[in-house]
Structure formats: structure tokens, C-alpha cells
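Notes for the one structure printed next.
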Amino acid sequence: MDVFEANNYPGGKLHAFTLGGYRFDAGPSLFTMPELVSELFELFGEQPDNHFQYHRKETVCNYFWEDGVRFVVSANREVFVKEAAARFGVEESALTAYLRRSQKKYELTAPVFLEKSLHKIGTYFSKETLNALAQISQMDIGANLNAHNEKAIGEPHLVQLFNRYATYNGSSPYRTPGIMSMIPHLELHLGTYFPRGGMHSITKSLFELALRQGIRFHFGQNVRQILVKNRRATGIKTADEQHFADTVVSNMDIFSTYKKLLPEQPHPERTLRQERSSSAVIFYWGIRGQFPQLDLHNILFSADYRQEFMHLFNHKTLFDDPTVYLNITSKETPGDAPQGCENWFVMINAPGDYGQDWQALVARARQNILDKINRLLGINLAALIEAEDVLTPPLIEQRTSSYRGALYGAASNSRFAAFLRHPNFSNKIKHLYCCGGSVHPGGGIPLCLLSAKITADLITSKA
Ligand SMILES: Cc1cc2nc3c(=O)[nH]c(=O)nc-3n(C[C@H](O)[C@H](O)[C@H](O)COP(=O)(O)OP(=O)(O)OC[C@H]3O[C@@H](n4cnc5c(N)ncnc54)[C@H](O)[C@@H]3O)c2cc1C
């Protein structure tokens with residue numbers, strides 16, 4: 001098996017770099033469902049612990065609001081319910097009911113929507129699908145996530161906290177359906193994890209596993225075309241040569257796969273026209289100092305969440321009071337920063353690249369972020385930054401071919417988004433398959449791994 005990769009390194013968005021003595025994970029920072037990584041080692045008869053280790057986080061996230069409220073979300077569901085009820089004056093029973101419903105939604109939908117191809121007729125006649133359909137009223141598909149959270153919880157800080165889960169697939173809580181309230185189940189019940197060596201060890205360990213299995217990697221090889229003969233994929237073409245194969249799998253963003261690699265083939269226009277997910281602006285800051293009030297994951301919320309999403313999705317620009325996400329891996333791995341220092345990955349949600357003036361937007365965002373951090377943490381951060389790099393939507397597209405720099409392919413801003421995602425195979429070109437974050441079942445590391453699993457099952461069931 002041969003992998004052709006445009007970059008000189010494996011991993012795409014799941015990459016890392018060092019800068020002035022600081023190590024940074026470049027993209028993903030939140031890790032859930034580690035068993036999907038471990039399973040790959042088991043599949044080849046290897047002991048996962050020998051190659052990939054991780055630990056469960058006791059603290060899910062530290063939250064900060066502009067009105068001075070602070071709240072630490074515990075990974076223990078009962079502790080979370082007790083502490084949140086006491087802090088925000090809501091009934092414990094309301095929170096318990098919300099989380100139970102979240103779990104139910106996840107358990108009903110995961111076997112149907114996440115673990116199988118939605119585009120094979122057999123999926124619709126399975127026991128799991130019939131069970132899910134019988135309980136469709138429990139799924140909260142009718143309202144948007146914010147409306148669902150306002151009705152179920154009401155308290156504004158907690159509504160905002162639970163609205164944030166819409167961003168886990170790059171969507172707006174004011175438009176994505178209430179079924180997304182299943183995502184907290186992943187964090188608050190199944191847990192969040194930190195891989196030893198940082199997120200990049202997911203890439204490194206899987207790359208080494210692939211090498212041990214004899215897979216050949218061709219780095220710096222930009223695929224220019226998928227070869228098609230008689231409506232069947234026969235290989236790929238790079239700048240230098242053609243490579244023929246029985247099966248072709250594209251892990252490139254589905255929009256770019258069609259537009260760049262299959263320009264003469266019929267395109268699924270409705271799928272490709274879907275609204276893209278949000279992108280991000282990230283500052284990687286090496287900070288001279290340590291901050292005990294922060295943990296691995298921290299959120300400093302915007303005072304006007306609705307306006308923030310209006311700016312991102314309607315006006316396609318940044319909001320001056322953004323929600324700021326701080327990820328600090330040196331909290332878990334002190335060696336990621338020099339002694340007495342911390343490596344801050346500082347991210348705000350951003351619209352996709354529609355040709356905005358990113359230089360001006362980034363300069364303004366930098367000041368807004370510094371002002372917000374200084375206000376909420378009572379510090380003077382600019383004076384402590386001793387190393388700096390920045391990632392923008394155009395750079396994300398340039399480095400990974402993700403159309404408009406979207407983090408998760410298409411957004412889930414409609415009730416039908418799951419059905420409009422491209423299947424894991426082409427129904428027009430035989431022997432052509434698609435995996436990764438822009439096709440079924442969606443973006444984010446766990447779903448990308450599930451997409452690979454569904455694709456592999458489809459290929460082997462054909463063989
Ligand atoms: C800043 C950021 C933060 C994120 N945070 C999280 C998080 O906390 N948790 C989480 O689970 N997910 C997160 N995500 C999303 C997650 O990173 C993606 O869903 C996932 O990594 C996508 O994997 P992929 O393989 O589909 O795409 P990519 O990682 O983009 O890989 C595509 C690969 O294809 C290569 N390629 C493209 N075109 C060609 C071509 N023509 N020829 C050869 N090679 C080509 C690219 O070079 C790249 O290596 C984040 C993403 C970003 C950018």
C-alpha cells in the first residue's frame with residue numbers, strides 16, 4: 001500500500017513544531033475516545049500500551065466569564081452536577097436529566113450515524129436504526145442547540161457552557177440542531193484524555209505502526225489527479241509520474257478532491273455547496289511565567305455569544321469580544337516549555353477564508369485577545385510573550401487543502417447536514433473511496449478514525 005502526501009511530514013492538521021525552546025501541538029488539542037487509536041494496534045496484534053499511552057483528565061475545562069464567574073468542570077459527572085447546581089443555582093435533577101438525555105441520544109445515534117455508512121441501504125434496516133427511529137422524539141432535532149439548552153437548563157452561564165459544544169464540529173449553537181447536545185456525553189461521561197508526549201504522539205505512533213506494516217509513504221508528493229478509466233479509479237498522478245492501483249482512497253478534503261483531482265468527472269454539487277465549518281486563528285505563545293489558575297483546557301467566554309456567531313457565520317469576520325481557548329500542554333508535560341514558563345496555544349473561532357484582509361484581522365484579534373486575557377486573569381500578558389507564531393484560515397488551507405481553511409469540512413448548521421456529508425465511497429466512480437474529516441461521519445479525530453474504519457470495511461467487503 002502506498003500513501004502520497006503533499007507535505008514533508010505525516011499527520012496533516014495533527015502536527016507539531018518547536019519554537020524557541022517551546023513545543024506546540026499545531027492543531028487538535030482535545031482528545032476523546034482514545035480506544036479508537038488503541039484498536040488500530042490491536043488490529044495488527046500489537047499491545048497498544050507499548051506504543052501509545054494516555055491518561056484521563058480529572059479536570060475537563062476551566063471556564064471564565066466577563067462578570068467574574070469562574071467554574072472548573074470536573075470529569076466526574078456527579079461532582080459536576082453538584083458543583084454546577086450549587087454555583088449557578090439550578091436544580092441538580094435538571095442537570096442530571098440533561099446529561100442522561102445526552103447519553104441516550106449518543107447511544108441511540110452512534111451505532112447508526114457514526115459507526116456505519118449512512119449511504120448503504122443495509123444501515124436503514126438494522127436493529128439499531130429501527131430502535132433510533134422509534135425514539136426520534138428523544139433526539140431534540142426540532143429546536144436549535146441554544147433553544148434546547150435554554151429550555152432544559154435556562155441559567156445563562158450554563159447555557160453558554162453547553163452551547164459551546166456546537167463548536168466541536170465547527171457549527172453555530174444558534175443553528176445546529178439540539179441533537180448536538182449529545183456531545184457533552186463524550187466529555188463528561190466517556191472522558192477527555194491526554195496522550196503521553198502530546199497530541200502529536202497520535203500521529204507519530206500510528207505512522208510508526210503503518211511503517212511496521214510495510215506501508216510505503218511518499219512525502220512531498222502532491223497528487224494532481226485521480227486517474228479514471230471507464231468510470232473506475234485506476235490510480236493517481238503526481239507531478240512526475242502515474243501510479244496505478246486497484247483501489248484509490250482520497251483523504252483530501254472532499255471539495256478539493258473533486259475540484260482539483262477530478263475536474264472532468266460529475267460533481268455532487270449539492271454536497272459541495274454546503275456551508276463550510278468554522279476555521280480558527282491561533283497564536284502560539286511562549287510565555288515567561290506560570291499560571292496556577294489555568295489547566296490544560298481553559299475557556300474565556302465572550303460576553304455576547306450570539307453576536308460572536310453572527311460575526312463568524314453571517315458577516316464572515318471576527319468579533320471584537322471573542323471566546324478565547326487556551327491550551328497549555330506544559331501543564332501535563334513540563335518539558336514542553338523552558339523551566340518556569342508555559343506554552344500557550346491561544347485559539348479563537350474564525351470564519352473561513354473568503355478573501356478577507358487577514359493581516360488586519362489578525363492584528364486586531366491579537367490586541368482583543370490580550371485585552372481579554374488581561375481583564376479576566378488580571379495579568380499583563382504582552383510583556384511575557386517571548387516566542388510567537390500564528391496560524392490563520394488561509395494558512396490552514398495552504399498546508400492541508402481544506403477548502404476555506406475549515407477545521408471540520410462542512411458545518412452542521414442544518415438538520416440534514418449528516419445526510420449531506422459525502423459518503424465514504426463514490427457512487428459514480430468504482431473503486432474510489434473517501435475518508436477523513438470532510439466526509440461521513442464528520443470532523444475531529446475520533447470521527448476521522450471512524451471514517452477510516454467504515455472505509456476499510458467497505459473496501460474489504462467488496463474484495
Ligand atoms: C486548529 C485546529 C484545531 C482542532 N482541534 C481539534 C480538537 O481539539 N480535537 C479534534 O478531535 N479535532 C480537532 N481539529 C480537527 C481535526 O484536526 C481534523 O478533523 C482532522 O485532523 C482531519 O484529519 P484529515 O486526515 O481528514 O485531514 P488533514 O489532517 O487535513 O489531512 C489531509 C492530508 O492530506 C494531504 N493532502 C491534501 N491534498 C493533497 C494532495 N493533493 N496530494 C497529497 N496530499 C494531499 C494534506 O497535506 C494533509 O496531510 C482541529 C483542527 C484544527 C486545524
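Atoms within a ligand are numbered from 1 in the order they appear, just like the ligands themselves.
Among the atoms of Leu261, none of the N or O lies under 3.5 angstrom from an N or O of ligand 1. Among the atoms of Leu14, none of the N or O lies under 3.5 angstrom from an N or O of ligand 1. Between Val223 and ligand 1, an N or O atom pair is found at a separation short of 3.5 Å. For Ile445, a nitrogen or oxygen atom sits less than 3.5 Å from a nitrogen or oxygen atom of ligand 1, counting backbone and side chain alike. Taking any N or O of Ser438, backbone or side chain, none lies under 3.5 Å from an N or O belonging to ligand 1.
For Pro28, heavy-atom contacts with ligand 1 shorter than 4.0 Å involve the backbone as well as the side chain. Here Thr32 has no heavy atoms under 4.0 Å from ligand 1, in either its backbone or its side chain. Under 4.0 Å from ligand 1, the heavy atoms of Arg399 that appear belong solely to its backbone. Residue contacts with ligand 1 for Ala6 involve both N, CA, C or O and side-chain atoms from C-beta outward (heavy atoms, distance under 4.0 Å). Of the heavy atoms in Phe31, none comes closer than 4.0 Å to ligand 1. Under 4.0 angstrom from ligand 1, the non-hydrogen atoms of Gln221 all belong to its backbone.
Contact check on Arg404 versus Glu397 returns no salt bridge, with no Lys/Arg side-chain nitrogen under 4.0 Å from an Asp/Glu carboxylate oxygen.
Centroid-to-centroid, the aromatic rings of Tyr98 and His148 come within less than 6.0 Å. Aromatic ring centres of His440 and His422: separated by at least 6.0 Å. Between His15 and Tyr9, the distance from one ring center to the other falls under 6.0 angstrom.
Atom 3 (C) of ligand 1 has its nearest heavy-atom neighbour, among Cys435, Pro393, Gly27, Gly442, in Gly27. Relative to atom 19 (O) of ligand 1, the option among Gly444, Ser277, Ser279 with the closest non-hydrogen atom is Gly444. When the heavy-atom distances from atom 22 (C) of ligand 1 to Gly220, Ser256, Cys448 are ranked, the shortest goes to Cys448.
Distance from atom 26 (O) of ligand 1 to its nearest protein heavy atom, with residue and atom name: Gly437 N, 2.7 Å. For atom 1 (C) of ligand 1, the closest non-hydrogen atom of the protein is Ile282 CD1, 3.1 Å. Scanning the protein for heavy atoms near atom 32 (C) of ligand 1, the closest one is Asn251 ND2, 3.7 Å. Nearest to atom 53 (C) of ligand 1 among the protein's heavy atoms is Leu407 CD2, 3.4 Å. Atom 9 (N) of ligand 1 has Leu30 O, 3.1 Å as its closest protein atom, hydrogens excluded (heavy atom only). Atom 48 (C) of ligand 1 has its closest protein heavy atom at Glu5 OE1, 3.6 Å. For atom 40 (C) of ligand 1, the nearest non-hydrogen atom of the protein is Asn222 OD1, 3.2 Å. The nearest protein atom to atom 51 (C) of ligand 1, hydrogens excluded, is given as Lys13 CD, 4.0 Å; this is a heavy-atom distance.
Two residues are said to be in side-chain contact when any heavy atoms from C-beta on lie closer than 4.5 Å; Tyr165 and Ser181 fail this criterion.
By the 6.0 Å contact criterion, NZ on Lys316 is enclosed, its count of non-hydrogen atoms from other residues, nucleotides or ligands being greater than 12. Heavy-atom contacts from other residues, nucleotides or ligands closer than 6.0 Å to CZ of Arg364 number 12 or fewer. Heavy-atom neighbours of Arg196 CZ from other residues, nucleotides or ligands within 6.0 Å: at or below the threshold of 12.
Under the 4.0 angstrom criterion for non-hydrogen atoms, Gly11 is in contact with ligand 1. Taking 4.0 Å as the cut-off, Ala280 does not count as a neighbour of ligand 1 on heavy-atom distance. For Pro446, the closest heavy-atom approach to ligand 1 falls below 4.0 Å.
The main-chain N or O of Gly405 is found under 3.5 Å from a side-chain atom of Ser279 such that the two form a donor-acceptor pair. Under a 3.5 Å cut-off, the side chain of Ser201 and the backbone N or O of Gly197 do not form any donor-acceptor pair. The closest donor-acceptor contact from the side chain of Thr192 to the backbone of Thr32 lies at 3.5 Å or more, if one exists at all. Side chain of His297 to backbone of Asn327: no donor-acceptor contact under 3.5 angstrom is found.
Ring geometry, Phe313 versus Phe309: the interplanar angle falls under 30°, so the pair is classed parallel (tilted spans 30 to 60°). Note on ring orientation: taking the six-membered ring where Trp is involved, the planes of Phe319 and His311 are tilted (angle from 30° to 60°). Using the six-membered ring where Trp is involved, His189 and His185 have ring planes that are perpendicular, over 60° apart on the 30 and 60° scheme. By the 30° and 60° cut-offs, the orientation of the rings of Phe219 relative to Phe217 is parallel. Aromatic ring pairs are classed by plane angle as parallel below 30°, tilted from 30° to 60° and perpendicular above 60°; the pair His51 and Phe41 is parallel. By the 30° and 60° cut-offs, the orientation of the rings of His218 relative to His243 is tilted.
Atoms of ligand 1 found under 4.0 Å from any heavy atom of Asn7, numbered from 1 in the order shown, are 47 (O), 49 (O). Below 4.0 Å from some heavy atom of Ser29 lie the following atoms of ligand 1, by number and element: 7 (C), 8 (O). Close contacts of ligand 1 with Gly12, meaning ligand atoms under 4.0 Å from a residue heavy atom, involve 29 (O), 31 (O), 48 (C), 49 (O). Every atom of ligand 1 is numbered from 1 in the order shown, and the set under 4.0 Å from a heavy atom of Gly436 is 26 (O). The atoms of ligand 1 that sit less than 4.0 Å from any heavy atom of Phe4 are 43 (C), 44 (N). Every atom of ligand 1 is numbered from 1 in the order shown, and the set under 4.0 Å from a heavy atom of Gly443 is 19 (O). Every atom of ligand 1 is numbered from 1 in the order shown, and the set under 4.0 Å from a heavy atom of Ser401 is 37 (C), 38 (N). Taking every non-hydrogen atom of Met252 and a distance limit under 4.0 Å, the qualifying atoms of ligand 1 come out as 37 (C), 38 (N), 41 (N).
Across all non-hydrogen atoms, the minimal contact from Gly442 to Leu447 is O-CB, 3.3 Å.
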